[in-house]
Novice: 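One structure is given below, represented as structure tokens, and several questions about it will come after.
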Protein chains: 2
Amino acid sequence: MASKIQTLPGFRDFPPQACALRNYLFRKWRAAAIAHGFQEYDGPVLESLELFTEKSGPEIVTQLFNFEDKGGRQVSLRPELTPTLARMVGANAGSLKRPIKWFSIGECFRFEKQQKGRKRSFYQFNADILGEAGPGADAELIALCIQSMRSFGLGPEHVVLRLSDRTLWMAFLAALGLDEEASIKALSIVDKMERVDADYTRQQLSHILGEGTESFLARVAAMKAVSSIEGLEAFVSGLGMEALSERMAQWRELWGILDAMGLAEFCRVDLGIVRGLAYYTGFVFEVFERSGEGRALAGGGRYDRLVEKLGYAPLHATGFAAGDVTLADLLESKGLLPSLLPALDCYVVYGGEAEKAEAMRAVATLRSLGISVDYPVKAAGFGKMFKQADLSGARLCLIFGGEELAERRFKMRDMASGGEVTGPLCDLVEGVKLRLAHGIEK
Amino acid sequence: MASKIQTLPGFRDFPPQACALRNYLFRKWRAAAIAHGFQEYDGPVLESLELFTEKSGPEIVTQLFNFEDKGGRQVSLRPELTPTLARMVGANAGSLKRPIKWFSIGECFRFEKQQKGRKRSFYQFNADILGEAGPGADAELIALCIQSMRSFGLGPEHVVLRLSDRTLWMAFLAALGLDEEASIKALSIVDKMERVDADYTRQQLSHILGEGTESFLARVAAMKAVSSIEGLEAFVSGLGMEALSERMAQWRELWGILDAMGLAEFCRVDLGIVRGLAYYTGFVFEVFERSGEGRALAGGGRYDRLVEKLGYAPLHATGFAAGDVTLADLLESKGLLPSLLPALDCYVVYGGEAEKAEAMRAVATLRSLGISVDYPVKAAGFGKMFKQADLSGARLCLIFGGEELAERRFKMRDMASGGEVTGPLCDLVEGVKLRLAHGIEK
């Protein structure tokens, strides 16, 4: 006897109940994206390693499932979908109607320490708008992000989208005399400061800012205190930076659209969100539980330089990703998961051989119309078959007995009410549809 | 500028048109399986290498994408779903209602030479029935296999299911004095004989059968000539092997169910199908184009020993797998692919800022009800917006102009007929639903 071989750490089996939950997330994500006019794409889960190092630098390799394949190629399981998207769009940009609104639901892989809400294999809902520079595209993307959460029953009492802006940050840091490289380093420290010791942050910043560290930290605290569009207007005008007035007009446009869509109550201005990755270039956001607990449910922002970086013609882009693990945890904790396993429509029981042939004919007919039907694949007495019908959870039991068939009729039992009726075999389909819709009174 | 990084050989990008085709296959497979009372499961695409070598022997490794992960584990992308299924069912067999009817749609990976109909990454539709030994389970499985093909519009004029039986083969080989090991070797040679030189087959067989090779080949030719259930009855009774009468009763039961279901016309008895793998134990089958061209569209059979081999309590099992690549090729060649990209329901155009706010409210409301809506994320003149509405392929264009809004109304245009009506804003949802259902006359 062989040893039993388990799933790898951080990987999951999906037996029917878990698979139904996963597919429920997929269905809702897909429906929201389609309602927002996005088109679905997908790419390979295995790619050239280079695709990911080109985007994220060689450091990313420590987080990858990468290897050399039997053809001597350096390959990796994808840690995210964006580089694949950039390739697909970049290669076909000329023939695609702008703006390009694409989404995908796919498995991604990261070799990371397992924690609550973090697995080594997870599913991501990715949506991106490419080919449009203005804040209308950011608003549209944020609308999808929020509406997809809403479609699970999550309201503004459950989740908040924290909205920030790399453009403001970069302008602010430039005004302090930092060049782009130093600015990106400083932002990466700000990104982590909520999660690490204050002294450590101070020490890291001092390498970049020297004596300016304390006044910088005071400024950051003031920026983080901003929590509304009005507060942001006041803060920015207090800076007296003329160059930012155009950016504030873009903020007002973005906020105005979200407000008109009834989605502003989900959003909070929060400059504490900076997103660590160097590649973001404009509005950035993350969605969290309103309570502040747990890992981010979604995150994204504008990345106008990536497509060019991967070797294609420049293309404006904004996108987000949401994960299945944190979302499922939240829905479960809020009691927002519906009953998920589909109920069987009909269970068919039959008497002897002649009845079985008639029953099999009925089974095949109903199934070909999309009605779900099961029956005992192994013949047994009526008593045992009825017990199986009970266990099946079917809504109707169809009974093919000798007596009924002699009259070219069959019997239907409503498994909830216990009510029974008979109907002519020639009306099988209509009879079953009627009773599935309206039941049978006892 | 970086070099452009392509997909790996044998892997595919799925831009929207290709993704829609892939998802169409998934939807039809899923609907057929659910109609047949099967429940969906899935497992990780990355597993311990051992899971696959335990099932298939160490030779399988040459066909795998396997590697050592950063935790020092020997792992592999899955070449098939069955070992994962066996683990999942084996580990939970006590709590699962019998028979266990499960299906999955998932990506699999094999490092193989690319050919027509064969990729290194492909999707498989897997269905299995576990916990039932009798031919009723095989019939039920074959019914799903055929009905899933039928749901794409494939009829008996397009495809044929070639049905064979390892039990008959093993009994026949045992009667020739071959032990199990020699029998399995002989079957593996028979499996390949259609694809290789006759002299090579003869030479291979002579290692096992010696002088009996010629009479064996004559017998094989006679077996392969059998093409109907009646022919099989005659052939088997001609063998005079008493032990096979019970098996023939099982053939009659299986065939009787398929016949009652109206599916026998898709099936042909064909003992030339033996399935090379050692693990099959009973009825086996493959589905091909009726013309005989191309690779198998699906294949499967009974494998009663696998669950035990993987370390769990013994469990009867029968299953099949169908692939996306050969199926899509066939549907395309027969003109059976419908138009697949979902049409947009509404495109919204608007005048100035006030109209835009009202338009955005409408957009959000309609989308939250699952109606697909798009609009120009970048403001433009009416003329340009109407052009975008045209390009969008939407069925209705909703127009939010200053004139209409002054009266709290909006305008709808049927993009096919050109007909227009106006409606009160307060009836937006009902108005749009009505016009999506019935159009607007010019």
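Letters A, B, ... are given to chains in the order of the sequence lines, protein chains preceding strands, and every chain is numbered from 1.
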Novice: At a heavy-atom separation under 4.5 Å, does Arg12(A) approach chain B through its side chain, its backbone, both, or neither?
Specialist: backbone
Novice: For Val363(A), is it the side chain, the backbone, both or neither that has a heavy atom under 4.5 Å from a heavy atom of chain B?
Specialist: side chain
Novice: Which atoms of Thr7(A) are under 4.5 Å from chain B, going by heavy atoms: the side chain, the backbone, both sets, or neither?
Specialist: both
Novice: If the test is side chain to side chain contact (heavy atoms under 4.5 Å, CB included), which one of Phe103(B), Trp102(B), Phe38(B) qualifies with Ile129(B)?
Specialist: Phe38(B)
Novice: Checking heavy atoms, do the side chain of Glu140(B), its backbone, both or neither come under 4.5 Å from chain A?
Specialist: both
Novice: Name the option with the most non-hydrogen atom pairs under 4.5 Å to chain A; the candidates are Asp374(B), Asp42(B), Leu64(B).
Specialist: Asp42(B)
Novice: Is it the backbone or the side chain of Glu253(A) that comes under 4.5 Å from a heavy atom of chain B, or both, or neither?
Specialist: side chain
Novice: Checking Thr318(B) against Asp138(B): is there a side-chain donor and acceptor pair closer than 3.5 Å?
Specialist: yes
Novice: For chain A, which of Gly262(B), Gly134(B), Ser48(B) has the most heavy-atom pairs under 4.5 Å?
Specialist: Ser48(B)
Novice: Quick check for you: among Ala362(A), Cys19(A), Ala133(A), Ala35(A), which has the greatest number of heavy-atom pairs under 4.5 Å with chain B?
Specialist: Ala35(A)
Novice: Go through the atoms of Val75(A) and report whether side chain, backbone, both or neither lie under 4.5 Å from a heavy atom of chain B.
Specialist: side chain
Novice: With respect to chain B, which residue among Lys356(A), Arg73(A), Met261(A), His36(A) yields the maximal number of heavy-atom pairs within a distance under 4.5 Å?
Specialist: His36(A)
Novice: Do you know which of Ile257(A), Leu96(A), Leu344(A), Asp345(A) has the most heavy-atom pairs with chain B at a distance under 4.5 angstrom?
Specialist: Ile257(A)
Novice: Looking only at heavy atoms and a cut-off of under 4.5 Å, which of Lys70(B), Gln6(B), Gln147(B) has the most pairs with chain A?
Specialist: Lys70(B)
Novice: Could you give me the CA-CA distance, side-chain angles and deciding distance for Leu46(A) and Phe67(A), then say whether side-chain contact (heavy atoms from CB on, under 4.5 Å) is met?
Specialist: CA-CA 10 Å; Leu46(A) 192 73; Phe67(A) 59 102; 3.8 Å; yes
Novice: Checking Leu51(B) against chain A: side chain, backbone, both or neither under 4.5 Å from a heavy atom?
Specialist: both
Novice: Set out, in order, the CA-CA distance, both residues' side-chain angles and the distance that settles side-chain contact (heavy atoms from CB on, under 4.5 Å) for Ser104(A) and Leu85(A), then state yes or no.
Specialist: CA-CA 9 Å; Ser104(A) 191; Leu85(A) 167 75; over 6 Å; no
Novice: Non-hydrogen atoms of chain B under 4.5 Å away: do they reach the side chain of Pro15(A), the backbone, both or neither?
Specialist: both
Novice: Could you check whether any side-chain N or O of Asn92(A) sits under 3.5 Å from a backbone N or O of Ser95(A), counting only pairs where one atom can act as donor and the other as acceptor?
Specialist: no
Novice: When heavy-atom pairs shorter than 4.5 Å are enumerated against chain A, which of Arg22(B), Glu68(B), Met88(B) gives the highest number?
Specialist: Met88(B)
Novice: Checking Lys309(A) side chain against Lys55(A) main chain: does a donor-acceptor pair fall under 3.5 Å?
Specialist: yes
Novice: Quiz question: by atom type and distance under 3.5 Å, do the side chains of Ser121(B) and Glu107(B) form a donor-acceptor pair?
Specialist: yes
Novice: Please classify the contact of Arg150(A) with chain B as side chain, backbone, both or neither, using a heavy-atom distance under 4.5 Å.
Specialist: neither
Novice: Take Asn23(A) and Glu40(B) through the side chain to side chain donor-acceptor pair (under 3.5 Å) test and state the conclusion after the steps.
Specialist: CA-CA 9 Å; Asn23(A) 290 0; Glu40(B) 188 167 356; 2.9 Å; yes
Novice: Is atom NZ of Lys387(A) surrounded by more than 12 heavy atoms (other residues, nucleotides or ligands) closer than 6.0 Å?
Specialist: no
Novice: Determine, for Lys119(B) against Glu112(B), whether the closest basic-nitrogen to carboxylate-oxygen distance falls under 4.0 angstrom.
Specialist: no
Novice: If I measure from the heavy atoms of chain B, does Arg367(A) come under 4.5 Å with its side chain, its backbone, both, or neither?
Specialist: both
Novice: Could you walk me through whether Ser76(A) and Glu47(A) pass the side chain to side chain donor-acceptor pair (under 3.5 Å) check?
Specialist: CA-CA 6 Å; Ser76(A) 173; Glu47(A) 292 270 16; over 6 Å; no
Novice: Between chain B and each of Gly37(A), Pro16(A), Pro376(A), count heavy-atom pairs under 4.5 Å; write down the option with the most.
Specialist: Pro16(A)
Novice: So for Tyr347(A), is it side chain, backbone, both, or neither that comes closer than 4.5 Å to the heavy atoms of chain B?
Specialist: neither
Novice: Just by distance, with hydrogens left out, do Gln388(A) and Tyr375(A) show a side-chain donor and acceptor under 3.5 Å apart?
Specialist: no
Novice: Where on Lys97(A) is there a heavy atom nearer than 4.5 Å to chain B: the side chain, the backbone, both, or neither?
Specialist: side chain
Novice: Select, from Phe65(A), Tyr41(A), Phe111(A), the one with the greatest count of heavy-atom pairs under 4.5 Å involving chain B.
Specialist: Phe111(A)
Novice: Shorter than 4.5 Å, heavy atoms on both sides: which option in Glu353(A), Gln39(A), Glu358(A), Gln17(A) has the most such pairs with chain B?
Specialist: Gln39(A)
Novice: What's the spacing between Asp13(B) CG and Thr84(A) OG1 if we round to 0.5 Å?
Specialist: 7.0 Å
Novice: Taking the side chain from Glu308(B) and the backbone from Ala313(B), do they hold a donor-acceptor pair closer than 3.5 Å?
Specialist: no
Novice: Go through the atoms of Ala31(A) and report whether side chain, backbone, both or neither lie under 4.5 Å from a heavy atom of chain B.
Specialist: neither
